[in-house]
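Structure first, commentary second.
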Number of protein chains: 2
Amino acid sequence: MARTAGSHSDITGPRVRAAALQLFARHGYAAVSMRQIAREVGVQAGALYNYTPDKQSLLFDLMRTHLEELLAEHAAMPGAPDPVAALERFTRFHIRFHARRPDEVFIAYMELRNLSPENFAEIELLRRRYEDELENILRAGLAAGVFAVADTKVATMAVIAMLTGVNTWFREGGRLSLNEVERIYWDMVRKAVGL
Amino acid sequence: MARTAGSHSDITGPRVRAAALQLFARHGYAAVSMRQIAREVGVQAGALYNYTPDKQSLLFDLMRTHLEELLAEHAAMPGAPDPVAALERFTRFHIRFHARRPDEVFIAYMELRNLSPENFAEIELLRRRYEDELENILRAGLAAGVFAVADTKVATMAVIAMLTGVNTWFREGGRLSLNEVERIYWDMVRKAVGL
DNA sequence: CTTTTAAAAGAACAAACGTTCAGATAATCT
DNA sequence: AGATTATCTGAACGTTTGTTCTTTTAAAAG
């Protein structure tokens with residue numbers, strides 16, 4: 001046998017990335033073999049190399065795409081009139097964006113150590129750019145006298161960690177709706193950095 | 001060659017666990033081979049099986065020991081006069097305990113998916129027991145009218161995530177001392193769950 | 001000093017790994 | 001319809017994997 005009926009790169013390509021995403025998130029990059037990914041797609045292992053030069057690139061592309069979408073969607077948000085409104089928008093955006101992409105988030109946070117040094121540097125840069133957006137909001141609020149944080153950098157990391165932690169327990173269709181979760185977290189964030 | 005000079009299980013045993021801990025934290029459980037661990041200890045791979053029945057048990061024992069120490073040390077803390085004092089003690093304890101064990105914490109949070117189902121269940125139970133201690137503090141404070149959280153369970157997860165996030169950036173000997181970090185986080189936690 | 005035991009070496013095992021490649025067949029183009 | 005191209009199979013490659021086992025030697029016990 002060779003080329004199978006209905007085979008097309010526009011179909012198989014996305015399926016390869018989807019399978020890699022799901023399997024990496026579930027079992028971890030190092031624990032997943034190319035043959036497992038291929039089986040999930042319904043193809044032999046060799047065929048994967050029509051869609052990626054190697055396993056490492058598969059991981060890297062998933063991460064880069066995820067972070068670039070994160071930055072793009074955040075940049076597309078309308079500006080806020082003041083730091084408090086900006087922080088609320090950031091909080092709600094972060095929770096919503098991440099809750100909708102549990103696998104991508106999991107990989108982006110857990111598989112950093114499986115990136116080659118050059119790939120790691122590039123991903124870190126993207127992540128840093130996102131964190132800077134929150135840090136700028138906090139700094140602006142501090143200058144405006146509406147926030148009170150002892151250390152802007154530490155507060156940035158604390159808020160991000162708290163918000164990203166939503167993904168460890170939140171499941172859509174559970175006890176709380178996404179909107180309720182956003183409201184609860186915004187309440188805590190507002191108080192934590194407020195006067 | 002066979003048994004080497006100075007070889008003793010009281011020495012090699014801890015070295016095996018230490019090597020596994022460091023390598024698992026650095027590269028991930030699945031990416032580390034028994035031969036790498038053996039090389040770090042200065043021994044052949046076969047010799048490791050004098051100290052662990054298999055690789056999985058090595059990971060499980062590291063996690064279990066870590067969580068049992070966490071629970072034991074927390075239980076050894078003196079009782080607090082009120083919920084606010086209890087929360088401050090929990091906050092400071094959590095930060096201090098985790099900052100001193102970066103490798104153990106990393107493994108306990110990242111390698112859950114590499115545990116066998118039975119081992120996973122046991123570890124999850126221990127983690128849950130620890131989270132319950134914080135939840136009880138929050139519930140007591142809520143009943144006493146000194147805390148104001150919209151959802152106790154969510155607040156528990158939020159505080160834990162925020163505090164554990166310290167490990168992603170904190171390094172002893174850096175810009176901030178452990179005491180300063182404790183104070184900054186306690187400030188944010190207090191405000192986040194306060195009235 | 002002799003015997004026993006504990007600890008390690010080192011070879012061996014089948015299985016699985018990422019990746020390559022020649023050949024085959026479906027889809028597309030002319 | 002025929003030629004070309006895109007896509008996949010299936011076998012093969014050299015390595016590495018976790019684990020077992022026999023043999024050897026140091027340490028401990030008598």
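Naming: A, B, ... by sequence-line order, numbering from 1 per chain. What's counted below: heavy atoms across the whole structure, side chains too, no hydrogens, waters or symmetry copies. What you are looking at is a predicted structure, and each value in this text was computed from that prediction instead of being measured.
Side-chain contact check for B/H74 versus B/H94: every heavy-atom pair is 4.5 Å or farther apart. Contact check for B/D103 versus B/F24: no side-chain heavy atoms found under the 4.5 Å cut-off. Side-chain contact between B/E104 and B/H98 is absent, with no heavy-atom pair separated by less than 4.5 Å. The closest side-chain heavy-atom distance from A/I123 to A/R64 is below 4.5 Å. At a threshold of 4.5 Å between non-hydrogen side-chain atoms, the residues B/M157 and B/I160 do not count as touching. With a 4.5 Å cut-off on side-chain heavy atoms, A/R129 and A/L67 do not count as touching. Within the 4.5 Å cutoff, side-chain heavy atoms of A/V105 are placed close to those of A/H66.
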Could you list the protein-to-nucleotides 12-16 of chain C atom pairs, N/O on both sides, closer than 3.5 Å?
| from | atom 1 | to | atom 2 | distance (Å) |
| --- | --- | --- | --- | --- |
| C/dA12 | N6 | B/R35 | NH2 | 3.4 |

Listing time: all N or O pairs from protein to nucleotides 26-30 of chain D that are below 3.5 Å?
| from | atom 1 | to | atom 2 | distance (Å) |
| --- | --- | --- | --- | --- |
| D/dA26 | N3 | B/R3 | NH1 | 3.3 |
| D/dA27 | OP1 | B/G6 | N | 2.9 |

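Bending across the helix from C/dC1-D/dG30 to C/dT30-D/dA1, expressed as the angle between its end axes from five pairs apiece, amounts to 20° (10° rounding).
Judged by the 6.0 Å and 45° rule, A/R127 forms a cation-pi pair with A/Y109. No cation-pi contact links A/R26 to A/F106, judged by a cut-off of 6.0 Å to the six-membered ring centre and 45° from its axis.
Mapping A/M34 and A/A47 onto DNA chain C by nearest heavy atom places A/M34 at the nucleotide closer to the 5' end.
Of all heavy-atom pairs spanning A/R139 and A/T152, the tightest one is N-CG2, 4.0 Å. Across all their heavy atoms, B/I37 and B/V16 have their closest contact at CG2-O, 4.2 Å. Heavy atoms only, all atoms of each residue included: A/V193 and B/K191 are closest at C-NZ, 4.2 Å. A/L87 and A/W186 make their closest contact through CG-CZ3, 3.6 Å (heavy atoms, listed as atom of the first residue, atom of the second, distance). Taking all atoms of both residues into account, the shortest heavy-atom contact from B/L115 to B/Q56 is CA-OE1, 3.3 Å. Contact record, A/E69 with A/R101: OE1-NE, 3.7 Å, taken as the closest heavy-atom pair.
A heavy-atom distance below 4.0 Å to DNA chain D is reached by these residues of residues 36-44 of chain A, ordered by number: A/V43, A/Q44. Proximity of residues 9-22 of chain A to DNA chain D (heavy atom under 4.0 angstrom from any strand atom) is restricted to A/S9, A/T12. If you check residues 48-60 of chain A against DNA chain D, the residues with a heavy atom closer than 4.0 Å are A/N50, A/Y51, listed by number.
Proximity of the aromatic rings of A/Y29 and A/F60 is defined here by a centroid distance below 6.0 angstrom, and this criterion is not met.
The local environment of NZ in B/K153 is sparse, with at most 12 non-hydrogen atoms from other residues, nucleotides or ligands closer than 6.0 Å.
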